[in-house]
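When reading the values below, keep in mind they use all heavy atoms of this one structure, side chains included, and skip hydrogens, waters and symmetry mates. Letters A, B, ... are given to chains in the order of the sequence lines, protein chains preceding strands, and every chain is numbered from 1.
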Amino acid sequence: MIIELGHFALILALVVAVVQSSVPLLGASRHNHGWMAVARPAALAQFVLVFIAMAALTHAYITSDFTVINVIENSHTDKPLLYKVSGVWGNHEGSMLLWVFILAICSAAVAVFSDNLPRELRARVLAVQGMISVGFLLFILFTSNPFLRAFPPPSNGHGLNPVLQDPGLAFHPPFLYLGYVGFSVSFAFAVAALIEGRVDAAWARWVRPWALASWCALTVGIALGSWWAYYTLGWGGWWFWDPVENASFMPWLVGTALIHSAIVVEKRDTLKSWTILLAIITFSLSLVGTFLVRSGVLTSVHAFAVDPARGSFILLLLLVAIGGSLTLYAARAPALKSGGVFAPISREGALVLNNILLASAAATVFLGTLYPLFLDAVGGPKITVGPPYFNQTFGPIMVPVLVALAAGPLLAWKRGDVLGAVQRLWIAFGAAFLVVLGGLYVTQGGPVLAVLGLGLAAFTGVGAIVEWADRLRLLRIPLGQSFGRAVNLPRAAYGMTIAHVGFALSVAGISAAAFSVEHIDIVKLGGTLEVGGYSMKLVKVDEIPGPNFVAEDATIEITRDGALVTIAHPQRRFFEVQQQTTSLTSIRSSVLADLYVALGESDSKGGWTIRAYYKPLISWIWLGALVMAAGGMVSLSDRRWRVGAAKRLRGSAVPAAAE
Amino acid sequence: MRKSLYALPVLLFLIVAGYFAVPLFSGRDPHELPSAMIDKPLPAFDLPALAGGANISNASLLGRVVVINFFASWCVPCKVEHPVLMRLATKEKLPLIGIAYKDEPAASQKELTNGGDPYLQVAIDRKGLTGLDFGVYGVPETYVVDKSGHIRKRFVGPLNAETVERELLPLLRELNRS
Amino acid sequence: MKALIAGLGLLLALAVPALAVEPNERLADPVLEARAREISKGLRCLVCQNESIDESNADLAKDVRLVLRQRLLAGASDAQAMQYIVDRYGTFVLMSPPVEPATYVLWFGPAVVLLLAVGGVGMAVRRSRLAVAPMPPPLDAAEQARLAKLLHDSDQPESAA
């Protein structure tokens with residue numbers, strides 16, 4: 001009954017979405033206030049309806065309702081509650097529902113918080129959101145319905161793939177989708193602006209927080225996925241340039257460009273059509289990421305052909321959404337008037353450079369990901385594009401990004417002074433120099449590229465802090481005054497500094513991966529294995545039962561110079577239902593390095609394969625990503641975005657600075 | 001000129017979309033994996049025969065057109081392929097050479113005794129190293145070798161009646177003529 | 001074959017815990033072993049999705065690792081050992097595709113995109129500056145100093161706006 005209710009709610013949501021996508025749009029072009037006013041209740045109604053559908057499916061999972069095909073295929077009564085819930089989106093149908101659910105949340109949020117948006121713009125934005133909703137709801141209802149019933153119901157389900165039964169992976173899709181879908185708002189704003197033919201600072205002020213919030217979510221989502229790979233695969237790999245990863249990385253790159261170019265639109269009233277294009281491309285890549293990953297087309301173009309109904313629908317949907325918006329762009333963008341003029345050496349110039357580089361980086365990932373499929377489609381040779389390609393093409397593009405990132409914020413708007421910026425960066429140069437020297441000394445001339453990467457990271461990180469200190473005029477004016485400046489500095493400025501430092505941290509962690517030390521061996525009970533100055537002693541291996549698996553649990557004493565550091569418990573888990581084994585690594589993280597131990601197979605002669613790694617700075621990769629996202633959040637909390645709040649403040653004549 | 005620049009994104013997109021649409025509607029065989037060994041001489045091998053007696057080597061196959069089939073008793077798709085091979089052996093008198101890939105000889109023998117033996121000879125490739133020399137991805141795989149000992153065609157995955165009629169038999173007729 | 005989870009609905013490529021190189025495969029000579037590891041990273045596990053044979057625990061990957069080590073033991077150079085595998089499996093096995101006409105777009109595309117973008121933007125910036133009034137000349141030293149003083153005196157950052 002509840003399932004039918006969810007199904008019915010979804011159908012109703014489609015009806016509402018059709019209304020939301022058409023009536024307000026017509027109203028906006030005819031200046032009919034009544035029609036435009038339909039947008040808000042429609043968006044809210046849709047939220048409620050999709051929420052009911054989502055709740056119905058979740059209920060079916062929690063209660064293990066095996067009359068529902070989707071639950072049979074992806075759940076099992078023995079599963080812990082967390083994975084029963086995450087099972088909802090651990091499959092194609094459910095993940096599509098999650099997508100629409102997040103879309104409904106975004107639309108409702110736009111509807112609620114858009115009081116001071118011009119009526120026409122609001123109606124158009126919500127209408128575009130409604131169109132996206134229509135597309136997805138049609139897709140779900142006709143090709144990927146999670147509410148189909150099975151009769152007679154089986155006694156139990158097939159269970160969720162054991163590798164998905166992991167906290168990191170349970171939350172990875174929702175964050176990724178928050179990012180993907182959040183960019184739909186910037187997209188809707190871009191399309192609405194094209195229809196209206198007007199882009200101004202107010203528009204940018206609206207788009208940027210949405211883009212920023214989505215970007216934060218996407219950053220966390222990607223980091224979670226990478227971290228999961230790191231601790232689960234058993235040998236410490238964390239990024240593979242796999243098509244599936246690239247699919248989420250491309251929108252991130254273009255989205256990063258978007259949040260930067262939107263600043264220029266807001267502050268300098270220029271780069272408008274470029275920013276619109278970025279908003280469209282970011283969301284397009286999000287769509288591509290969602291669909292192509294789900295449909296398996298990234299493994300092979302032919303995956304489409306396996307399920308032609310779904311494949312054709314996806315292609316049609318992409319064609320309408322991306323092709324339609326880009327056509328609109330071709331028609332309307334030339335009319336967008338650009339305002340501010342700037343010299344190549346200026347803050348704008350640096351941001352444009354950042355955009356070019358990020359867009360080129362995204363194009364590189366795009367080429368590397370899709371070129372094998374392209375060659376295959378035209379009957380060319382089969383090729384593999386693996387990490388070496390990306391390291392050689394993507395890597396070099398990132399170098400100027402890092403340099404521009406440090407120097408850009410030190411340049412003035414309109415016309416900057418490169419020499420002055422370089423002079424103010426002397427501390428950063430010094431830091432980089434010291435890091436490179438120190439790195440070469442410690443590693444005894446080890447991997448030079450990695451040491452240079454560390455140096456570059458130091459330059460960028462210190463450069464970001466220098467810029468902040470420069471704003472405070474630290475050490476140039478009395479400390480008290482600097483403190484006053486620090487208090488008054490807008491949160492957006494802090495956000496930028498934090499995010500840039502985060503990026504530098506990630507780059508440092510990535511560079512340091514080359515210093516990782518590995519030791520793999522068969523160890524007998526009571527035997528030891530040395531790695532990175534640590535000694536690991538295999539004390540015992542026990543068999544312990546889990547909720548839906550049996551684990552071999554190793555007890556490994558880790559000592560350094562005879563002193564006990566920690567006791568590690570890596571496991572191998574055997575899942576009865578799926579007949580699969582997963583590994584649970586044991587990682588001791590510290591700021592300086594990770595100790596990473598994985599348990600391998602027994603040689604049935606009393607020995608076990610132990611994989612031990614010493615990985616300097618590796619946790620900085622994810623720490624940096626979190627810091628980046630935190631920077632984004634700090635920037636979001638800037639009162640500048642709360643347009644209404646600023647108005648009220650002005651009204652009460654309280655000096656803003658006194659807050 | 002300036003205006004047409006704005007149309008560039010949509011054009012690029014249409015081109016990319018086109019490349020994705022074509023395979024969807026072309027119906028081309030998705031499983032075709034080109035082999036690096038096409039038109040190259042058979043790799044050198046010298047493997048014990050399942051039936052005992054003299055070893056089977058690349059040299060021992062020279063001078064006639066043969067079809068080499070990699071199989072294993074543990075391989076499920078091979079069981080799907082088996083009736084096709086049986087029919088080829090009995091009806092078409094196909095010169096089939098089997099190579100038991102990474103298989104226990106006893107298990108291979110049992111499989112052939114129970115299900116029927118379509119092969120003229122069966123060689124034992126216990127470690128799969130000969131398979132690796134052939135560029136085998138997995139079993140079953142089938143190679144067509146001409147009289148001069150050159151590999152002319154590879155089929156990945158189980159042969160079915162359609163590929164046999166459309167590709168394998170015509171190729172064999174052609175090779176036998178020359 | 002690892003029917004990868006992309007199809008099952010996952011957002012990240014994953015294999016069943018791939019435990020890569022096993023201790024018993026390793027060569028006694030650490031130098032040779034290090035070379036073997038390095039070459040392994042450049043060779044694709046043919047039956048996996050986007051995994052090198054160094055990372056994969058597929059049987060075929062293991063076979064290739066062993067053969068590779070045999071080649072090195074027999075005295076082959078890195079290039080020869082790699083070529084040995086390419087002869088059998090084609091360039092598909094290389095993680096980094098060869099530079100040939102079919103891959104020119106792949107290899108040179110990024111640089112071309114970057115150059116075109118830089119050139120295009122450079123021209124656009126030039127044109128827009130020419131179209132609008134020329135920029136005032138940069139401040140000379142005296143003006144700079146005065147500006148600095150003014151800024152210093154007012155001493156009210158952004159929030160004044």
Side-chain angles (χ1 to χ4, degrees), chain A residues 90-92 95 161 163-164 172-173 176 225 228-229 232-235 237 240 242-245 248 293-294 296 298-299 341 343-344 352 356 359-360 363-364 367 371 375 380-389 393 397 415 485 488-490 520-522 580-583 600 609 611 656-657, chain C residues 4-24 26 41-42 44 49-52 55 90-98 100 102-103 105-107 109-111 113-114 117-118 121-122 125 128-129 131-133 135 138 152 155-161:
Chain A
N91 62 88
H92 171 79
S95 71
N161 190 324
V163 284
L164 293 177
H172 168 63
L176 218 51
W228 168 84
T232 217
L233 288 183
W235 49 273
F240 307 92
D242 183 275
V244 184
E245 292 167 325
S248 63
V293 168
R294 288 288 167 195
L298 285 169
T299 344
V341 181
V352 167
I356 291 175
S360 302
T364 303
L367 256 182
Y371 197 73
L375 266 188
K382 282 216 182 253
I383 59 165
T384 303
V385 179
Y389 167 83
T393 51
I397 297 180
R415 169 178 293 239
R485 280 176 164 266
N488 284 330
L489 207 58
I520 307 170
D521 221 333
I522 297 177
Q580 267 193 43
T581 307
T582 68
S583 98
T609 299
R611 283 154 200 281
Chain C
L4 265 211
I5 314 190
L8 292 174
L10 181 66
L11 297 156
L12 208 125
L14 38 109
V16 262
L19 286 179
V21 183
E22 294 289 333
N24 52 17
R26 285 183 314 202
K41 284 177 187 149
R44 176 197 177 110
Q49 181 187 305
N50 213 56
E51 265 184 309
S52 76
E55 297 157 1
T91 51
F92 181 59
V93 77
L94 295 175
M95 286 302 256
S96 177
E100 57 188 18
T103 59
V105 173
L106 179 69
W107 280 109
V113 167
L114 189 59
V118 170
V121 167
V125 168
S128 72
R129 290 179 73 203
V132 190
M135 285 266 211
H152 182 88
D155 199 33
Q156 190 65 303
E158 272 89 321
S159 59

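Proximity to chain A (any heavy atom under 4.5 Å) is shown, for C:T103, by both the backbone and the side chain. Heavy atoms of C:L94 lying under 4.5 Å from chain A belong exclusively to its backbone. Contacts between A:L375 and chain C at a heavy-atom distance below 4.5 Å involve the side chain alone, from C-beta outward.
Counting all heavy atoms, side chain and backbone alike, C:G109 lies closest to A:L367 at CA-CD1, 3.9 Å.
Under the 4.5 Å side-chain criterion, counting only non-hydrogen atoms from C-beta, A:I383 is in contact with C:L106. Annotation: side chain of A:P381 is in contact with side chain of C:E100 (closest heavy-atom distance under 4.5 Å).
Counting heavy-atom pairs closer than 4.5 Å to chain A, the top residue among C:A117, C:G90, C:P98, C:A102 is C:A102. Listed options A:I356, A:V385, A:T609 were ranked by heavy-atom pairs under 4.5 angstrom with chain C; first place goes to A:I356. In terms of heavy-atom pairs under 4.5 angstrom with chain C, the leader among A:I522, A:T393, A:D521 is A:D521.
Rounding to the nearest 0.5 angstrom, the gap separating the CZ atom in C:R44 from the OG1 atom in A:T384 is 4.0 Å.
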Please assess C:T91 against A:K382 for the test side chain to side chain contact (heavy atoms under 4.5 Å, CB included), listing each intermediate value before the final yes or no. CA-CA 8 Å; C:T91 51; A:K382 282 216 182 253; over 6 Å; no
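A:Y389 places no side-chain N or O within donor-acceptor distance of the main-chain N or O of C:W107, the cut-off being under 3.5 Å.
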